[in-house]
Structure formats: structure tokens, C-alpha cells
Amino acid sequence: MEVVSQNISFGGVQGVYRHASAETGTDMTFAVYVPPHETGAKLPVIWYLSGLTCTHENVMEKGEYRRACAELGLIFVAPDTSPRGTDVADDDSYDFGKGAGFYVDATKMPWAQHYRMRSYIERELPELIAAEFPADMSRHGIMGHSMGGHGALTIGLRNPARFKSISAFAPIASPMNCPWGEKALRGYLGTDPSIWREYDACALIEDGAYMPELLVDQGMGDKFCAEQLKPESLEKACQSSDIDLTLHMRAGYDHSYYFISTFMDTHLRWHAERL
């Protein structure tokens, strides 16, 4: 693991790191904030998955999470959203290809060669975090924004033994039923919708995936809400499966990091109570 940068913030260390990923076959860059702690202590971990076009930098620079993480003793991990590199397949559109990995393991070429973000987040990067940082691997929570909200919900629901808490900002609640998701799932996985279900939070819940509770914040001024995000689909799925969904519809807030940073502290405290 290569140290790209390290800076002191609120008594902890905000680092950016790079390593050669076996899953993606590329170098992957990620950010980790480690709060101040006693020598030998093991700390709970919050995973933050970013949205379309983003890298680790967006939340690191705009998310305003370090003060709360320092106070609560939370490690904050922010991976990239896709593989990168000159040999990695790409698309001219912003919602497919680089920056738009959708946290799937692609099966269709040329995407299958590198686009293995599901396995990277679920298996490879956690092993690296456990080896290199003071992480308590029994206390993990996951959160994300937009495409990353979809990632947090689906990865968390598929791995309830690892992730004790799940939250999201403006998640793509049902990728099978919106333009962003249909394009990505069809392109990465092919045309069989039954294969898509493990990458759709609502479908996973319908098929038996369960968490006692979820926390979601959605801006009512978000221009993507009606066509792409569809929080009512998640609300309906949770009601049918006795999952306690706390869904905050925030008047006036949009899809930006002004929205995320406003409620980041609330989400981190919610996770800390459960970890």
C-alpha cells in the first residue's frame, strides 16, 4: 500500500492511499480518516460509497465528516467508484464506465475485465483495511450517496453479518426501474433481469434480505428524485418486510454535497449508536 498523502485533522489522520487491486486489475486509490485513539485500540469503521462521476475526493473535500468521526471514534473509509487507467474500458456518457461502476461485478465484455467493484468493496478492500489500520472488523457500518447509496444498501443487505448499520443519502432505490440503473445493469450484466435483482435494494428485500432498520435522507428539491431515485419504492418494500425505515424528506435540499454535509453528522451519530 502506497501513501499518497497524509494530513492531520481534528487530531486524527486523513490519508489517501493507493494499491494494486487483484479484483480490478488496476491501481485503486481510496481515502481513510483515522480519528485520534489510544495505542492498541480497535475502532469501528464507516464505509462511504460515492455517486456517479465521483472519486474518493468528493466526500473527503466536501463531506464534513472528520469532526464527528474524531469525536465518535469512527474510522471513515471512502473508496473510488470504478477502476481507473488507460487500459480500462470506458464510455462517453457520465453514467456508464469510469466513475460509474455501480458496485457490480460485471459479466459482459469488455467491462468484466476490470469492473469488479462488488468484490473489491465486499472482500478485497476490507482485508487491506484490516491489515493496515486499527479497524475492529466486527463493527462496520455502510453509507453512500446516489449510486453509492444504491451500493451501500445492496452491499449492506447482502452482508448483514458484517454491516451492523446501513444508511444512505438520496439512494437509487430500485436500479431495475430507473434509467440510470437499467442502463448500467444491462450494460454490465446483460439482458436477463433476474440477474439484476441482487443489485437492487427493493428486489433484495422482496427476496428475503433483511436489516432491522435503515436510515435514508432525501432532498425534496432533488431533480433526480422522481425519475431516478424513487424513495417510495424503498419505503413500500420495507413496509412489506417489517424493516424499520426512517425516511427523512428534506424540504428544499437538492442532490449536492450541500445536502450531504448538512446531515452527515446525523448519519454518523446514528451509526455510532449501533456500532
Does the ring-ring contact (aromatic ring centres under 6.0 Å, His included) test come out yes or no for H145 and Y257, once each step is laid out? CA-CA 9 Å; H145 170 232; Y257 268 88; 5.8 Å; yes

When you look at CD of E38, are more than 12 heavy atoms from neighbouring residues, nucleotides or ligands closer to it than 6.0 Å? no

Heavy-atom count check: over 12 atoms from other residues, nucleotides or ligands less than 6.0 Å from K164 NZ? yes

Side-chain contact test, heavy atoms from C-beta onward, threshold under 4.5 Å: evaluate it for [X] versus [Y] and give yes or no.
| X | Y | answer |
| --- | --- | --- |
| Y103 | L49 | yes |
| R269 | H267 | no |
| M28 | Y120 | yes |
| V59 | F76 | yes |

Separation between [atom1] of [X] and [atom2] of [Y], rounded to the nearest 0.5 Å:
| X | Y | atom1 | atom2 | result |
| --- | --- | --- | --- | --- |
| F259 | M220 | CZ | CE | 12.0 Å |
| I75 | K42 | CD1 | NZ | 8.5 Å |
| N159 | I166 | CG | CD1 | 9.0 Å |
| R66 | C69 | CZ | SG | 9.0 Å |
| H150 | I155 | NE2 | CD1 | 7.5 Å |

If you look at every heavy atom in [X] and [Y], which pair is closest and at what distance?
| X | Y | result |
| --- | --- | --- |
| P134 | A41 | CB-O, 3.5 Å |
| P160 | Y210 | CB-O, 4.1 Å |
| P83 | T24 | CB-CB, 4.1 Å |
| S50 | T81 | O-CG2, 3.5 Å |
| G156 | F163 | CA-CD1, 4.0 Å |
| A152 | I142 | O-CG2, 3.6 Å |

For E23 and R123: C-alpha separation, side-chain torsions, deciding distance, then whether salt bridge (charged side-chain N to carboxylate O under 4.0 Å, His left out) applies. CA-CA 9 Å; E23 288 291 348; R123 292 197 297 271; 3.6 Å; yes

Does this structure show an ion pair linking [X] with [Y], if we count only N-O contacts that are shorter than 4.0 Å?
| X | Y | value |
| --- | --- | --- |
| E182 | R186 | no |
| E198 | R118 | yes |
| E213 | R274 | yes |
| E124 | R116 | no |
| R84 | D27 | no |

In a check of side-chain hydrogen bond (donor to acceptor under 3.5 Å, both in side chains) between Y17 and each of E132, H56, Q6, which one passes? Q6

So which of D192, D207, T154 actually passes side-chain hydrogen bond (donor to acceptor under 3.5 Å, both in side chains) with R197? D207

Donor-acceptor under 3.5 Å (D254 side chain, G221 main chain): no

Under 3.5 Å, is there a donor on one side chain and an acceptor on the other for [X] and [Y]?
| X | Y | result |
| --- | --- | --- |
| D222 | H255 | yes |
| D91 | S93 | yes |
| D80 | T29 | no |

Is the F30 to W47 ring centre distance short of 6.0 Å? no

Suppose we call two aromatic rings close when their centres sit under 6.0 Å apart. Are Y115 and F102 close by that rule? no

Consider only side-chain heavy atoms of I, L, V, M, F, W and Y, link residues closer than 4.5 Å, and tell whether V32 and Y48 are in one cluster. no

Parallel, tilted or perpendicular: which describes the rings of Y188 and F96, with under 30° parallel and over 60° perpendicular? parallel

Specify whether F224 and W180 have parallel, tilted or perpendicular ring planes, treating 30° as the upper limit for parallel and 60° as the lower limit for perpendicular. tilted

